[in-house]
Structure formats: structure tokens, C-alpha cells
Amino acid sequence: MAARSQYEELARQLSAVGAVKRGLVRILPAECPGGSAGVLTLLAKYGEMRITRLAELLAVNMSVTSRHVTHAVESGWVERFPDPADKRSRILRLTPAGEELLDELTRRTTEMFAHNLIDWSDEEVGQLNTLLSRLRDSFSCRGSGGCTPGKHSGDCRAGHSDDSHTRTPV
């Protein structure tokens, strides 16, 4: 276990991550807020799903998820269709327009990081990616399921597979 002072410094450094997140939000088109970008990213990664699953993956409540989905549907980026297994439920699917927007968001995000991390080596960016992934896993794995870091079972990471190829604009 690391020293308390290390955890205190980590808290200070993570609070500075807010500046990076604000930078990511600034590069989004005005018509695509961060919540909508998150919806598009998850639908692209995991495919069609019910809104309840999407809410789990976003780690927000259903009312927030519903607002994000409604905006994405009204913008033409996501479509809803009846769930064949339960006609009362709806399945969400990314539309071609949503895929096109997500490609643009990914391009913008990649360019922003390339510009701001120009003096970082591939190895350093890889180390940061590895450590941030481990940090995320440590938090997601400490829930009621009690799985251990490094163990990537369905229970541990809400069905997440290899995240190395996820297009995540925000």
C-alpha cells in the first residue's frame, strides 16, 4: 500500500484532470454535448442494447441516460426499435449519421491529444493509458461484486472487453 502522502498527491493530480476533460468538451460540436458523445461511444463499442444497460455502462441514473438518448435520437444519431424478446422494451442502435459523427469526434480527440502531448513518447502515452485503465478498473471492481483488479470478468467490468480500441471522445 502506498503512503498517505502519495494518495494526497494523487487526489491533487486527479483534480487537475478536470482541465483535460474541459478541453475535451470544448472540442465537441455545439450540437453534441458530452453525454451524447458518451452514448455514441458506448453503442459503437458494445452494439445494440437496452437503455437500462446503457445507464449501467454510463454509470448514471435512468433519467440522465434518457435525456442523453432522447437528444441523440432527435439528432438522428441513434434509433430506437422494439426489442424482439420483449415488445414493451426498446433497443438502441447507432445510425450511420451517429457513426459518422463519432468518427469526427474521434478525429478531433486524437488531434487534441497529439497536439498537447507532442513531447511525450509512445512509451509514455502507453504507460499513462495502462495506469489510467488500471485506476478505472480498481474503482469499478470495488463494488458489491468484490472482484480483484486485473480480473476482467463480466461481473468486474460490466461486460467490458479490451478497451484498447475504444473510440472515446469524452
Side-chain angles (χ1 to χ4, degrees), residues 7 10-95 97-106 108-109 129 131-170:
Y7 295 126
L10 177 61
R12 283 189 289 278
Q13 293 300 325
L14 286 177
S15 68
V17 170
V20 175
K21 290 181 73 174
R22 287 186 296 279
L24 286 167
V25 169
R26 280 192 293 274
I27 65 168
L28 293 175
E31 69 275 8
C32 183
S36 295
V39 167
L40 300 180
T41 299
L42 291 172
L43 287 173
K45 179 172 177 140
Y46 297 107
E48 301 172 354
M49 68 182 76
R50 289 181 177 183
I51 194 169
T52 52
R53 174 74 173 130
L54 184 60
E56 290 171 8
L57 292 170
L58 287 169
V60 297
N61 67 41
M62 282 294 295
S63 65
V64 171
T65 303
S66 180
R67 283 194 303 274
H68 295 323
V69 167
T70 297
H71 181 262
V73 168
E74 290 173 352
S75 298
W77 306 323
V78 171
E79 63 183 337
R80 294 180 180 122
F81 62 95
D83 183 345
D86 180 357
K87 300 293 186 205
R88 297 168 297 168
S89 296
R90 297 279 180 248
I91 299 289
L92 304 173
R93 173 176 34 209
L94 201 58
T95 66
E99 290 178 17
E100 187 177 309
L101 175 60
L102 186 55
D103 287 343
E104 173 63 16
L105 298 177
T106 301
R108 289 179 183 210
T109 302
N129 287 333
L131 291 171
L132 288 172
S133 178
R134 184 174 173 193
L135 178 66
R136 183 189 61 235
D137 289 351
S138 293
F139 276 78
S140 66
C141 289
R142 299 294 192 247
S144 61
C147 63
T148 57
K151 178 182 173 189
H152 299 296
S153 70
D155 290 345
C156 180
R157 298 182 58 213
H160 292 177
S161 59
D162 177 16
D163 285 338
S164 62
H165 302 293
T166 302
R167 300 181 302 178
T168 308
V170 291

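Keep in mind that this is a model prediction, so the values were computed, not measured. Note: hydrogens, waters and symmetry copies are ignored here, and every other heavy atom, side chains too, is used. For this chain, numbers begin at 1 and follow the sequence in order.
The two residues Pro33 and Leu28 have their closest heavy-atom pair at C-CD1, 3.9 Å. The two residues Ala97 and Gly76 have their closest heavy-atom pair at CB-O, 3.6 Å. Of all heavy-atom pairs spanning Cys32 and Leu105, the tightest one is SG-CD1, 3.9 Å.
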Steps toward salt bridge (Lys or Arg N to Asp or Glu O under 4.0 Å) verdict (Asp83, Arg50): CA-CA 8 Å; Asp83 183 345; Arg50 289 181 177 183; 2.7 Å; yes
Walk me through it: do Ser36 and His71 pass the test side chain to side chain donor-acceptor pair (under 3.5 Å)? CA-CA 7 Å; Ser36 295; His71 181 262; 2.8 Å; yes
With side chain to side chain contact (heavy atoms under 4.5 Å, CB included) as the criterion, how do Glu48 and Leu43 come out once you've worked through the C-alpha distance, each side chain's angles and the decisive distance to 0.1 Å? CA-CA 6 Å; Glu48 301 172 354; Leu43 287 173; over 6 Å; no
Please walk me through it: do Arg80 and Val73 pass side chain to side chain contact (heavy atoms under 4.5 Å, CB included)? CA-CA 8 Å; Arg80 294 180 180 122; Val73 168; 4.0 Å; yes
Side chain to side chain contact (heavy atoms under 4.5 Å, CB included) between Arg93 and Val78, worked out: CA-CA 6 Å; Arg93 173 176 34 209; Val78 171; over 6 Å; no
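Not counting sequence neighbours, the partners of Asn61 by the side-chain hydrogen bond (donor to acceptor under 3.5 Å, both in side chains) test are Ser63. Partners of Ala59 under the side chain to side chain contact (heavy atoms under 4.5 Å, CB included) rule, at least two apart in sequence or in another chain, do not exist in this structure. For Gln13, the side-chain hydrogen bond (donor to acceptor under 3.5 Å, both in side chains) partners at least two apart in sequence or on another chain are Glu9. Residues satisfying the side chain to side chain contact (heavy atoms under 4.5 Å, CB included) test with Leu14, not counting sequence neighbours, are Leu10, Val17, Leu135. For Arg26, the side chain to side chain contact (heavy atoms under 4.5 Å, CB included) partners are Arg22, not counting sequence neighbours. Taking the side chain to side chain contact (heavy atoms under 4.5 Å, CB included) definition, one finds that Glu31 meets it with Pro29, Trp77, sequence neighbours left out.
Environment of CD in Glu100: sparse, with no more than 12 heavy atoms of neighbouring residues, nucleotides or ligands closer than 6.0 Å.
Remark: side-chain polar atoms of Thr41 are paired, donor with acceptor, to backbone N or O of Ala37 under 3.5 angstrom. Between the side chain of Arg108 and the main chain of Ile27, a donor-acceptor pair closer than 3.5 Å is present. A donor-acceptor distance shorter than 3.5 angstrom exists from the side chain of Ser138 to the backbone of Arg134, with no hydrogens or angles considered. Distance alone, capped at 3.5 Å, is enough to place a donor-acceptor pair between the Thr106 side chain and the Leu102 backbone.
Under the 4.5 Å side-chain criterion, counting only non-hydrogen atoms from C-beta, Tyr46 is in contact with Met49. Side-chain contact between Met62 and Thr52 is present, with heavy atoms from C-beta onward closer than 4.5 Å. Contact of the Glu74 side chain with the Thr70 side chain is registered, since non-hydrogen atoms from C-beta on lie closer than 4.5 Å.
Atoms OG1 and CG, on Thr95 and Leu40 in that order, are 8.0 Å from each other to the nearest 0.5 Å. With rounding to the nearest 0.5 angstrom, the NE2 atom of His68 is 10.0 Å from the CD1 atom of Ile51. Taking CG of Leu101 as the start and CD of Glu99 as the end, the distance is 11.0 Å to the nearest 0.5 Å.
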